[in-house]
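Structure record follows, encoded as structure tokens.
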Amino acid sequence: MPRLHLIGAGTPTPTKDRWGTCFVLDIVGQRFMIDCGPASTYKLFHAGIASTDVDNLFFTHLHSDHIADYPCFLMTRFDQSVGEENVLNVYGPSPVRDLHERLWSPERGVFWYDVRARVNHPMSIHAYHSRGGEGDRPEPVVSVKEYGEGVVASGPGWSCSAMEVRHAQPWLNCFGFRFETDEGIVSFTGDSAPCDSVVELSRNADLTVIESVHRARDIARYPSRISETGTTDAGRMADKAKAKRLVINHQSDRLDPPDAMTEGVADVKSAYGGPVWWGKDGMVIDWD
Ligand SMILES: [Zn+2]
């Protein structure tokens, strides 16, 4: 049975219920992590997911609320390794390779000082052996691939494709994902204003995750309407795509008060008749 963990369902603004974006999709016996917003590694642990259990990480775009915990994730996964984990595959839009190398490479990585210390110091080698590692402590290996529109990656029973969405161009390349699997279709539209790509990504999806940062009547007055989606449009796009289930994420703190939340959910449901989850950190969604 597929499962979606909403590790982070929020924005750059920390609230009690949401902070940053991170999802973990468990499907066809595989685990896919989408984005790595603030505190994701810690929140993964709370969800019962070790960083070493994640082999595939997909970035929608390079806004801080989607990447801020990436160094922590890399270092924790390396620190907790016993030398038997798979190579970590990271997929992101350009310039994710440059970003990665400036964080985590022997030549340019500001966090590589930690790697040098841990693979050489007897204290750290002892810790590695105490966890079950043997012999020399290896340096971490990460495969970073930059993607564009089309198929990003695939494996037995699954493929992930990307489409550009309208968000923070030209400063950031921004994409959504569509996972087509033997257990159904799941889409993550990323941060986006209403656009055809969101509908296409969500087309006949068993579950689609669409952002909604403000109520429809509010976003109409804000500049964010050119890069983000309001409540009613999120429902409209899911309806147009004939998606079977809808998860709302990326709600701003303005949607936190109970009355605002109730009205926001009503907006979505006024345009979409299927089941709706009003996402928040820690939520787990199972479906057949
Ligand atoms: Zn964004």
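- Between atom CE of residue M163 and atom OG of residue S197 there is a gap of 4.0 Å, rounded to the nearest 0.5 Å.
- When the shell of 6.0 Å around NE2 of H126 is examined, it contains 12 or fewer heavy atoms from other residues, nucleotides or ligands.
- The ring-ring contact (aromatic ring centres under 6.0 Å, His included) check on Y128 picks up nothing, with sequence neighbours excluded.
- Hydrophobic clustering, with ILVMFWY side chains joined whenever heavy atoms are under 4.5 angstrom apart, keeps F175 apart from L99.
- The shortest non-hydrogen separation linking R221 to R225 is C-NH1, 4.0 Å.
- With W104 as reference, W112 is the one residue of W112, Y70, F111 to meet the ring-ring contact (aromatic ring centres under 6.0 Å, His included) rule.
- Around NZ of K244, the count of heavy atoms belonging to other residues, nucleotides or ligands within 6.0 Å exceeds 12.
- Contact annotation: the side chain of R137 never approaches that of H129 to less than 4.5 Å [non-hydrogen atoms, C-beta and beyond].
- For the pair I34/L57, no side-chain contact is recorded, criterion being any heavy-atom separation below 4.5 Å from C-beta on.
- With rounding to the nearest 0.5 Å, the separation of NE2 in H100 from CZ in F59 is 10.0 Å.
- Annotation: the span from S187 atom OG to I210 atom CD1 amounts to 6.5 Å, rounded to 0.5 Å.
- For K280, the NZ atom counts as loosely surrounded, since its 6.0 Å shell holds 12 or fewer non-hydrogen atoms of other residues, nucleotides or ligands.
- Taking every heavy atom of both residues into account, S224 and I219 meet most closely at OG-CG1, 3.8 Å.
- No donor-acceptor pair under 3.5 Å is formed between the side chain of K269 and the backbone N or O of G264.
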Between T52 and F78, is a side chain to side chain contact (heavy atoms under 4.5 Å, CB included) present by the stated rule, with each step listed? CA-CA 8 Å; T52 47; F78 162 60; over 6 Å; no
| Would E85 and S81 count as a side chain to side chain donor-acceptor pair (under 3.5 Å) if you check the C-alpha gap in whole Å, the side-chain angles of each, and the deciding distance to 0.1 Å? | CA-CA 7 Å; E85 293 73 22; S81 166; 2.6 Å; yes
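- Side-chain atoms of W278 and M261, non-hydrogen and from C-beta on, do get closer than 4.5 Å to each other.
- Between D79 and R118 there is a side-chain heavy-atom pair separated by less than 4.5 Å.
- Around the CG atom of D136, the shell of radius 6.0 Å holds no more than 12 heavy atoms that belong to other residues, nucleotides or ligands.
- With contacts defined as side-chain heavy-atom distances shorter than 4.5 Å, the pair C36/I67 does not qualify.
- The line from CE of M237 to CD of E200 is 12.0 Å long, rounded to the nearest 0.5 Å.
- Put simply, V96 and M33 are part of the same group of oily side chains (I, L, V, M, F, W, Y) that touch within less than 4.5 Å, one to the next.
- Of the possible donor and acceptor atoms, none in the side chain of D239 sits under 3.5 Å from a partner among the backbone N and O of G235.
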#### Entry: Verdict with reasoning, V24 to L44, per side chain to side chain contact (heavy atoms under 4.5 Å, CB included)
CA-CA 9 Å; V24 170; L44 283 171; 3.5 Å; yes
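- In summary, the side chains of D35 and T21 do not present any donor paired with an acceptor at a separation below 3.5 Å, with no hydrogens or angles considered.
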>> Show, in sequence, the C-alpha distance, side-chain angles and deciding distance for I285 and M283, and conclude whether the side chain to side chain contact (heavy atoms under 4.5 Å, CB included) test is met.
In response: CA-CA 7 Å; I285 299 171; M283 186 178 273; 4.2 Å; yes
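- A salt bridge does not link D218 with R215: none of the charged nitrogens is closer than 4.0 Å to a carboxylate oxygen.
- Taking CD1 of I7 as the start and CG of D281 as the end, the distance is 8.5 Å to the nearest 0.5 Å.
- Under a cut-off of 6.0 angstrom, the local environment of CG in D288 is sparse, with at most 12 non-hydrogen atoms contributed by other residues, nucleotides or ligands.
- For the pair D69 (side chain) and S40 (backbone), a donor-acceptor distance under 3.5 Å is present.
- D26 places none of its side-chain heavy atoms less than 4.5 Å from the side chain of Q30.
- The minimum heavy-atom distance linking P95 with L62 is given by the pair CD-CD1, 3.7 Å.
- Shortest non-hydrogen contact noted between G157 and V28 is O-CG1, 3.9 Å.
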| task | May I have the step-by-step check of side chain to side chain donor-acceptor pair (under 3.5 Å) for S159 and S154, ending in yes or no? | result | CA-CA 4 Å; S159 73; S154 62; over 6 Å; no
Please test H167 against H63 for ring pair (Phe, Tyr, Trp, His ring centres under 6.0 Å), starting from the C-alpha separation and ending with a verdict.
CA-CA 10 Å; H167 184 49; H63 262 151; 5.0 Å; yes
Stepwise side chain to side chain contact (heavy atoms under 4.5 Å, CB included) test for I27 and V186
CA-CA 10 Å; I27 199 164; V186 183; 4.1 Å; yes
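- Between A241 and V199, the closest heavy-atom pair is CB-O, 3.4 Å.
- Counting only heavy atoms from C-beta outward, the side chains of T189 and V209 never approach each other to under 4.5 Å.
- When the side chains of ILVMFWY residues are joined at heavy-atom separations under 4.5 Å, either directly or via intervening members, F188 and L207 end up in a single hydrophobic cluster.
- For the pair A234 and S212, the tightest heavy-atom approach, listed with the atom from each and the gap, is CB-CB, 4.2 Å.
- Each of W277 and L255 belongs to its own hydrophobic cluster when Ile, Leu, Val, Met, Phe, Trp and Tyr are linked at side-chain heavy-atom distances under 4.5 angstrom.
- D98 and R108 are joined by a salt bridge, as a carboxylate oxygen and a charged side-chain nitrogen come within less than 4.0 angstrom of each other.
- Hydrophobic clustering, with ILVMFWY side chains joined whenever heavy atoms are under 4.5 angstrom apart, keeps V142 apart from V82.
- D196 CG: 12 or fewer foreign heavy atoms inside a 6.0 Å radius.
- A salt bridge does not link R31 to D55: none of the charged nitrogens lies less than 4.0 Å from a carboxylate oxygen.
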Problem set entry | Test log, rule salt bridge (charged side-chain N to carboxylate O under 4.0 Å, His left out), inputs D233 and R236 | CA-CA 5 Å; D233 277 335; R236 278 194 193 116; 2.7 Å; yes
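- Side-chain atoms of F73 and L88, non-hydrogen and from C-beta on, do get closer than 4.5 Å to each other.
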Show me the side-chain donor-acceptor pairs of residues 245-252 shorter than 3.5 Å, one per line, residues at least two apart or across chains.
from	atom 1	to	atom 2	distance (Å)
R245	NH1	D206	O	3.0
N249	OD1	E211	N	3.4
H250	NE2	D65	OD2	3.3
H250	NE2	D191	OD2	3.1
Q251	OE1	R18	NE	3.0
Q251	NE2	G279	O	3.1
S252	OG	V213	O	3.0
S252	OG	H214	ND1	3.3
S252	OG	R254	N	3.2

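- Within the structure, ring pair (Phe, Tyr, Trp, His ring centres under 6.0 Å) contacts touching residues 30-58 (residues at least two apart or in different chains) are F32-W158, F32-F179, Y42-H46, F58-Y91, F58-F177, F58-F179.
- Taking CZ of R178 as the reference point, atom OG of S202 lies at 8.0 Å (rounded to 0.5 Å).
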